[in-house]
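Notes for the one structure printed next.
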Amino acid sequence: MSGVDVDEFSRDLHACQARLDHLWKAVLHPPCQRPPWGTAVPYLCRQRAALPTARSSRERAPTNVRIDPSSLSFNMWKEIPVPFYLSVYFFDIVNPDAILLGEKPQVQERGPYVYREFRHKSNITFNDNDTVSFLEYRSFQFQPDKSHGLESDYIVMPNILVLAAAMMMENKPMSLKLIMTLAFSTLGERAFMNRTVGEIMWGYEDPLIHLINKYLPNMFPFKGKFGLFAELNNSDSGLFTVFTGVKDFSRIHLVDKWNGLSKVSFWHSDQCNMINGTSGQMWAPFMTPETSLEFYSPEACRSMNLIYKESGTFEGIPTYRFVAPSTLFANGSVYPPNEGFCPCRESGIQNVSTCRFNAPLFLSHPHFYNADPVLAEAVLGLHPNQEEHSLFLDIHPVTGIPMNCSVKLQLSLYIKAIRGIGQTGKIQPVVLPLVWFEESGAMEGKPLQTFYTQLVLMPSVLHYAQYVLLALGCVLLLIPVIHQIRSQGPGDATSQPSVATQPDRLPGPHTPLLQDSLSGQPTRPKV
C-alpha cells in the first residue's frame, strides 16, 4: 500500500467516523424531548400523545354507556331513538265447520298488520344500591301504508274464551259441563268466531266475560274487553330495577328485580323462575363471540338466552348477530333444563298456561319453525323456514347497543273435543296457531349518522392519524440529520491537517497502525 493510499484511507475513515457519530447521536436522541435543531418534532410528539388511541377509547367506554345522566348514552337509554314496529300475522281458519267434524285444520296467513310502537320511560328513580327503577310505557299506532290489509278486515279464529274455558272444565263434574254448554248456547257462543283485526288485537265486548267474572271471579285477569294485545297498549311492562354500572361496571344493565321480585313463581324449577340478563334493550359493552345475550321477557314470563352466530356490519357499523338456540323452546326430554317449563307437549313449543290465566296457550317460533315436524304437519297451510321465521339481534359489540333486531314469536292454542261440552264437537287434539308477530327495529336517520361518526368514523380517523403523525415526526427527525451529514461533506474532511505533515504530533486514536511514529512514513516490511 502506497503512502498516498494510506493518507486517503485515513481521511475517509475519519470523515466516516464523524458522520456515524452524528447519526448515532441523532438515533439515540429521545424522540419526544426538545432536540437542538428545533421544536417541530416535540410538538408532533405531544400531539401524538394527546390523540385518543383505541385503548383510551376503550377505557372511556364504561363512562359513556353506564346509566347515568352525565353519560353519552343516557338519553338513548331513556328515549330509545330506534323506531320499533309490531307486525302481526293472523292464521285465518279456512274450514271451521270441517274441524268440528274431526278433520285436519287448514289455515291461511293474513297480514302483516303493522303498528308503530312508541316507548318511553317514566318514574325513573336512582337507588342507593347502584340501581335505577323505571316503568316503560308502550303505545301502538296502526300504519296502513306498511300493512297488507286494514283493521276492519275480518278473520275467522278459534274462540279463545270458549275453547279455553272448555279445556279448563275437562276434569270437572258432568253437571258443570252441561251447565256451561247451556250457557254457551244461550249467549250464542261458538267454537270459532269471525271478528275484525282491530277487535282481536285491542279487545271486544263479550257477554261470556261478564258471566264468567260473575260466577268465577278469579278465572280471568281482565274485567272488560278481551283482546290478544289489549294489555300491551297504553300500559307498562312492569317495574324494572336494573344496575347502572356506575359503581360496579360488571353488572351494568342486569335486572336486579322485576315488580319487586328477584324471581318469578310461574314455573316448576328455581332455574326456570330466575330473572336473568337485562331488560332487553341494552347489554354490557365489549362483547366477544363467547358472549351470550340474555334478557327477561315479561310477555313470555321467563328469561331467554340468545347465542352468537356471526359477525357482520349494519350500515357500515360492525355488529355481532345473536340468534335463538335450538333448545329455546325444547321440551324437557330433549333439553333437561327446560323441564321446569312443563307440562310439555312436542318439542319446540312452550306451555305458558301458568302465566296466562291457565288457558292452554303455547309459545313458539312462527309456523312451528325449529319444532317437532309433527306440529306443522297437523295443520294445513304452514310452511316453516329459517329466513322468514327465525329471530335475530344485531348488536354493536363495543357498546352493547342494538343496531337491528327482529324478534318473531307465535301464539297457539291447544284444542280438542271435551265430552259434555257440545260446542267442541269432534275436534281432534291439535295445537292450532292463532297469530304470530314480529317486533322489529333498526337504527336510522340522524341517530345512526351520529353513532357512525362518533363510534366508527372518528376512532378510525384517530387511529390512522397517530401513525401519520408518527411518520411525519420521523421525517422531520431525519431532515436535520441529513442536513448535518451533508454539511460535513468531503471538503471539510480534507481541509484538516494530515498526520503526515505533523511529525511531532502524538499518535491519536485515529492514527493508522502501519504508520511509523518517528518518520511519519509507513513502515515497510523488512526483506
Side-chain angles (χ1 to χ4, degrees), residues 90-108 154-195 199-200 203-216 218-222 226-228 343-346 349-354 356-364 368 374-382 410-435:
F90 293 92
F91 292 100
D92 191 18
I93 305 296
V94 177
N95 59 340
D97 295 332
I99 296 174
L100 290 172
L101 297 175
E103 295 185 16
K104 181 184 290 189
Q106 182 177 354
V107 298
Q108 180 183 1
Y154 277 87
I155 305 289
V156 177
M157 287 188 65
N159 191 330
I160 300 175
L161 294 175
V162 170
L163 295 175
M167 289 293 298
M168 295 177 189
M169 297 294 293
E170 181 178 13
N171 298 320
K172 301 295 183 182
M174 182 60 69
S175 58
L176 289 179
K177 295 180 183 178
L178 294 176
I179 293 174
M180 179 166 282
T181 299
L182 180 60
F184 286 160
S185 299
T186 303
L187 297 173
E189 300 287 349
R190 303 180 63 184
F192 297 93
M193 62 181 186
N194 188 19
R195 293 192 177 273
E199 290 175 327
I200 298 171
Y204 56 89
E205 294 285 350
D206 196 312
L208 180 60
I209 297 177
H210 302 290
L211 180 65
I212 293 176
N213 285 334
K214 182 177 180 179
Y215 295 101
L216 300 170
N218 296 322
M219 177 174 279
F220 294 145
F222 41 84
F226 171 74
L228 292 178
C344 300
R345 296 192 59 81
E346 294 83 0
I349 58 175
Q350 181 192 327
N351 190 339
V352 293
S353 59
T354 54
R356 287 292 178 263
F357 51 87
N358 290 320
L361 294 169
F362 289 82
L363 201 62
S364 69
F368 298 122
V374 173
L375 293 165
E377 293 169 359
V379 180
L380 298 175
L382 299 183
Q410 175 179 294
L411 191 64
S412 305
L413 179 69
Y414 177 64
I415 63 174
K416 67 176 184 178
I418 302 298
R419 183 172 174 267
I421 299 181
Q423 281 75 12
T424 59
K426 299 178 181 180
I427 299 176
Q428 295 298 310
V430 64
V431 180
L432 188 62
L434 304 173
V435 62

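Values reported hereafter were calculated over all heavy atoms of this structure, with side chains retained and with hydrogens, waters and symmetry mates removed.
- Remark: Thr424 pairs with no residue by the side chain to side chain donor-acceptor pair (under 3.5 Å) rule, at least two apart or across chains.
- We find the CD-CZ distance between Glu346 and Phe362 to be 8.5 Å, quoted to the nearest 0.5 Å.
- No side-chain heavy atom of Ile349 sits less than 4.5 Å from a side-chain heavy atom of Leu363.
- Heavy atoms only, all atoms of each residue included: Ala378 and Pro105 are closest at O-CD, 3.6 Å.
- Under the side chain to side chain contact (heavy atoms under 4.5 Å, CB included) criterion, Ala98 pairs with Asn95, Glu103, not counting sequence neighbours.
- Because its NZ or CZ atom is both nearer than 6.0 Å to the ring centre of Tyr204 and within 45° of the ring axis, Arg195 counts as a cation-pi partner of that residue.
- Put simply, the side chain of Leu178 does not reach to within 4.5 Å of the side chain of Leu182, judged on heavy atoms.
- Across Asn351 and Leu361, no two heavy atoms sit closer than the pair OD1-O, 3.7 Å.
- Using a distance-only test at 3.5 Å, with no hydrogens or angles considered, no donor-acceptor pair links the side chain of Lys177 to the main chain of Asn171.
- Not counting sequence neighbours, the partners of Pro96 by the side chain to side chain contact (heavy atoms under 4.5 Å, CB included) test are Ile93, Val156, Phe192.
- Counting all heavy atoms, side chain and backbone alike, Ser353 lies closest to Ala359 at CB-O, 2.9 Å.
- Remark: Asp206 pairs with no residue by the salt bridge (charged side-chain N to carboxylate O under 4.0 Å, His left out) rule, at least two apart or across chains.
- Taking all atoms of both residues into account, the shortest heavy-atom contact from Leu100 to Ala191 is CD2-CB, 3.9 Å.
- With rounding to the nearest 0.5 Å, the separation of CG in Leu411 from CG in Leu432 is 11.0 Å.
- With rounding to the nearest 0.5 angstrom, the CG atom of Leu176 is 10.5 Å from the CE atom of Met174.
- Here the closest non-hydrogen pair linking Val431 and Ser412 is CG1-CB, 3.6 Å.
- Listed by chain and number, the residues in a ring pair (Phe, Tyr, Trp, His ring centres under 6.0 Å) with Phe90 are Tyr113 (sequence neighbours excluded).
- Applying the side chain to side chain contact (heavy atoms under 4.5 Å, CB included) criterion to Val94, with sequence neighbours excluded, gives Gln106, Gln108.
- Counting heavy atoms from C-beta on, the side chains of Phe184 and Ile421 come closer than 4.5 Å.
- Applying the side chain to side chain donor-acceptor pair (under 3.5 Å) criterion to Gln423, with sequence neighbours excluded, gives Ser185.
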Under 3.5 Å, side-chain donor or acceptor atoms of residues 157-167 against the rest of the protein: list the pairs with distances, not counting sequence neighbours.
unit_1	atom_1	unit_2	atom_2	d
Asn159	OD1	Leu161	N	3.4
Asn159	OD1	Val162	N	3.4
Asn159	ND2	Glu189	OE1	3.1
Asn159	ND2	Arg190	O	3.2

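- Ile99 CD1 to Ile415 CD1: the interatomic distance, rounded to the nearest 0.5 Å, is 6.0 Å.
- The side-chain heavy atoms of Phe91 and Leu382, taken from C-beta on, include a pair separated by under 4.5 Å.
- Listed by chain and residue number, Lys416 satisfy the salt bridge (charged side-chain N to carboxylate O under 4.0 Å, His left out) test with Glu170 (two or more places apart in sequence, or in another chain).
- Scanning for salt bridge (charged side-chain N to carboxylate O under 4.0 Å, His left out) contacts around Lys172 gives an empty result, with sequence neighbours left out.
- Scanning all heavy atoms of the two residues, the minimum distance from Pro433 to Val379 falls at CD-CG2, 4.1 Å.
- If you take CD1 on Ile155 and CG on Asp92, they are separated by 5.0 Å, rounding to the nearest 0.5 Å.
- Of the inter-residue distances, the one linking Glu199 atom CD with Met193 atom CE reads 8.5 Å to the nearest 0.5 angstrom.
- For the side chain to side chain donor-acceptor pair (under 3.5 Å) test, no residue two or more places apart in sequence or in another chain qualifies with Ser364.
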